[in-house]
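Notes for the one structure printed next.
Model, not experiment: these values are computed from the prediction.
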Amino acid sequence: MSETPKTLLRGAKVLGGEARDVLIEGERIAAVGTGIEAGDATVIDATVIDATGQILLPGLVDLHTHLREPGREDSETVLTGTRAAAAGGYTAVHAMANTFPVADTAGVVEQVWRLGKESGYCDVQPVGAVTVGLEGKKLAELGAMHDSAAGVRVFSDDGKCVDDAVIMRRALEYVKAFDGVIAQHAQEPRLTEGAQMNEGVVSAELGLGGWPAVAEESIIARDVLLAAHVGSRVHICHLSTAGSVEIVRWAKSKGWNVTAEVTPHHLLLTDELVRSYNPVYKVNPPLRTEADVMALREALADGTIDCVATDHAPHPHEDKDCEWGAAAMGMVGLETALSVVQHTMVDTGLLDWAGVADRMSHRPSAIGRLAGHGRPIAPGEPANLTLLDSAYRGVVNPAGFASRSRNTPYEGRELPGRVTYTFLRGRATVVDGKLA
């Protein structure tokens with residue numbers, strides 16, 4: 001028997017194209033072609049998986065995940081969150097810094113990084129806080145976090161906006177030295193005091209405090225100008241309005257180093273759902289209008305928006321099973337993201353599967369400077385792979401989630417696609433739709 005484990009995926013549609021056999025040997029892809037036979041010397045002792053008709057993608061990468069550990073293990077842990085990630089087809093996630101204590105020191109980011117190593121279900125790349133305690137007053141230990149074992153390259157106060165222009169400028173200047181990026185939660189706090197949902201027709205009718213689009217757009221406009229002035233990289237988290245799209249499109253036309261992400265829920269759901277007063281639809285930034293949703297889809301399709309990021313935000317049931325005004329903001333998203341993208345982008349003809357691979361693996365890996373992920377499906381490359389049965393249709397049932405939390409907006413909704421296998425450096429973390 002061979003000592004190196006081998007897996008042969010037979011008949012997979014690589015990036016949705018022609019059927020190919022893909023041989024995994026150890027941690028890497030050994031061969032991609034047609035007619036690779038299990039009896040060949042190169043594939044003796046290989047585990048053979050019939051992947052006929054299924055879509056083979058590079059392992060998905062999430063730039064925006066809340067794993068809650070340390071401090072809120074009642075919502076999620078690194079272990080449960082990475083299990084959820086693997087179930088959703090992810091091989092790497094970026095863990096946001098709004099933990100307790102905040103990930104604003106080398107010690108905390110190394111703790112999260114090591115917990116990720118121990119979990120084994122996907123790679124965990126910690127995101128460092130921009131400011132101490134997310135308070136927006138003093139820069140955190142950006143250099144020390146970068147120089148730590150965690151090798152932090154992405155910094156964000158997500159959950160809060162870096163609203164002080166001087167602090168934002170200094171952060172952009174600091175991370176430029178090591179090719180880092182500031183990921184901004186664009187929300188002008190003075191314009192959103194007491195806000196409960198998108199400001200518009202629905203908020204007026206419901207009498208809920210409105211969250212104007214300009215609160216997001218004004219920060220994005222400022223920050224793309226600052227990034228251009230400094231010559232540094234800025235990334236816009238969970239972009240949600242048509243106006244934000246136009247600002248990012250303009251910044252990119254100038255050649256500025258600006259990237260942006262959109263969440264699956266902002267590609268599908270609108271503020272009309274808030275009429276139910278179901279707190280599962282309460283999220284930051286809020287669900288916007290149908291016009292915003294369509295603008296976001298078009299921008300993701302044409303590349304103005306670089307990538308899809310889940311903003312996976314788990315909460316215990318008591319933080320969501322309450323009245324709207326008291327409920328926490330956020331939704332879980334790792335286990336449904338690929339299905340929502342298939343529904344909104346692929347099944348509508350806006351993206352092909354190669355485009356999905358670009359927006360959910362290649363580009364987020366590039367933005368996060370994450371080595372070994374987002375690579376081509378080719379011989380010699382790391383075997384970080386996701387196999388998807390795109391013909392599957394099923395009703396979302398959060399009772400079966402790997403996440404510790406159940407606050408999904410898709411419960412009872414039929415969505416397409418099912419991850420059948422996820423491979424992390426050649427090792428199956430999901431087998432036939434179930435966690436290994």
Side-chain angles (χ1 to χ4, degrees), residues 63-64 94 96-98 104 127-132 134-140 142 146 152-192 195 211-263 266 284-286 288 292 295-296 299-300 303-307 309 311 363-364 366-369:
L63 268 175
H64 193 146
H94 291 72
M96 281 295 173
N98 57 344
D104 57 4
V127 173
V130 178
T131 65
V132 175
L134 309 179
E135 292 177 354
K137 296 175 183 176
K138 178 183 177 184
L139 285 184
L142 308 183
H146 173 259
V152 177
R153 299 290 277 274
V154 183
F155 299 86
S156 181
D157 277 1
D158 182 65
K160 294 184 178 180
C161 178
V162 181
D163 62 314
D164 185 313
V166 174
I167 294 287
M168 187 64 180
R169 175 185 176 172
R170 295 290 178 250
L172 288 165
E173 288 171 338
Y174 201 110
V175 302
K176 182 182 177 182
F178 50 79
D179 190 31
V181 62
I182 302 297
Q184 175 69 293
H185 173 116
Q187 177 192 349
E188 168 50 59
R190 294 293 299 280
L191 292 174
T192 56
W211 192 304
V214 72
E216 175 174 305
E217 294 157 8
S218 59
I219 295 292
I220 295 173
R222 183 201 74 180
D223 287 353
V224 299
L225 290 166
L226 284 173
H229 177 72
V230 172
S232 190
R233 294 200 294 141
V234 68
H235 176 75
I236 308 304
C237 295
H238 44 48
L239 184 149
S240 72
T241 78
S244 296
V245 166
E246 290 309 310
I247 296 165
V248 170
R249 186 173 280 131
W250 170 75
K252 287 191 168 193
S253 76
K254 297 280 191 181
W256 298 344
N257 210 334
V258 175
T259 55
E261 70 191 30
V262 65
T263 71
H266 286 113
N284 180 349
R288 304 289 190 180
D292 290 312
L296 295 171
L300 183 64
T304 300
I305 297 175
D306 297 84
C307 61
D311 193 11
R363 287 211 214 182
I367 293 166
R369 303 295 195 252

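Contacts of K252 classified as side-chain hydrogen bond (donor to acceptor under 3.5 Å, both in side chains), with partners at least two apart in sequence or in another chain: D306. For H238, the ring-ring contact (aromatic ring centres under 6.0 Å, His included) partners are H64, H185, not counting sequence neighbours. Looking at residues two or more places apart in sequence or on another chain, you find a side chain to side chain contact (heavy atoms under 4.5 Å, CB included) between A129 and A97, V102, D104, L134, D157. Taking K160 as the reference, nothing meets the salt bridge (charged side-chain N to carboxylate O under 4.0 Å, His left out) condition, with sequence neighbours excluded. Qualifying side-chain hydrogen bond (donor to acceptor under 3.5 Å, both in side chains) partners for T259, counting only residues two or more places apart in sequence or in other chains: H235. Scanning for side chain to side chain contact (heavy atoms under 4.5 Å, CB included) contacts around A242 gives D292, A295, with sequence neighbours left out. By the side chain to side chain contact (heavy atoms under 4.5 Å, CB included) test, R170 is found to be paired with L139, V166, E173, residues two or more places apart in sequence or in another chain being considered. Under the rule for a side chain to side chain contact (heavy atoms under 4.5 Å, CB included), the partners of A195 that lie at least two apart in sequence or sit in another chain are T192, W211. Applying the salt bridge (charged side-chain N to carboxylate O under 4.0 Å, His left out) rule to R249 yields the partners E246, D302; only residues at least two apart in sequence or on another chain are considered. Taking the salt bridge (charged side-chain N to carboxylate O under 4.0 Å, His left out) definition, one finds that E261 meets it with nothing, sequence neighbours left out.
Applying the salt bridge (Lys or Arg N to Asp or Glu O under 4.0 Å) test to every pair with at least one member in residues 222-245, sequence neighbours left out, gives these pairs: D179-R233.
Counting only heavy atoms from C-beta outward, the side chains of I236 and S244 never approach each other to under 4.5 Å.
Without hydrogens or angle criteria, H146 side chain to V154 main chain gives no donor-acceptor distance under 3.5 Å.
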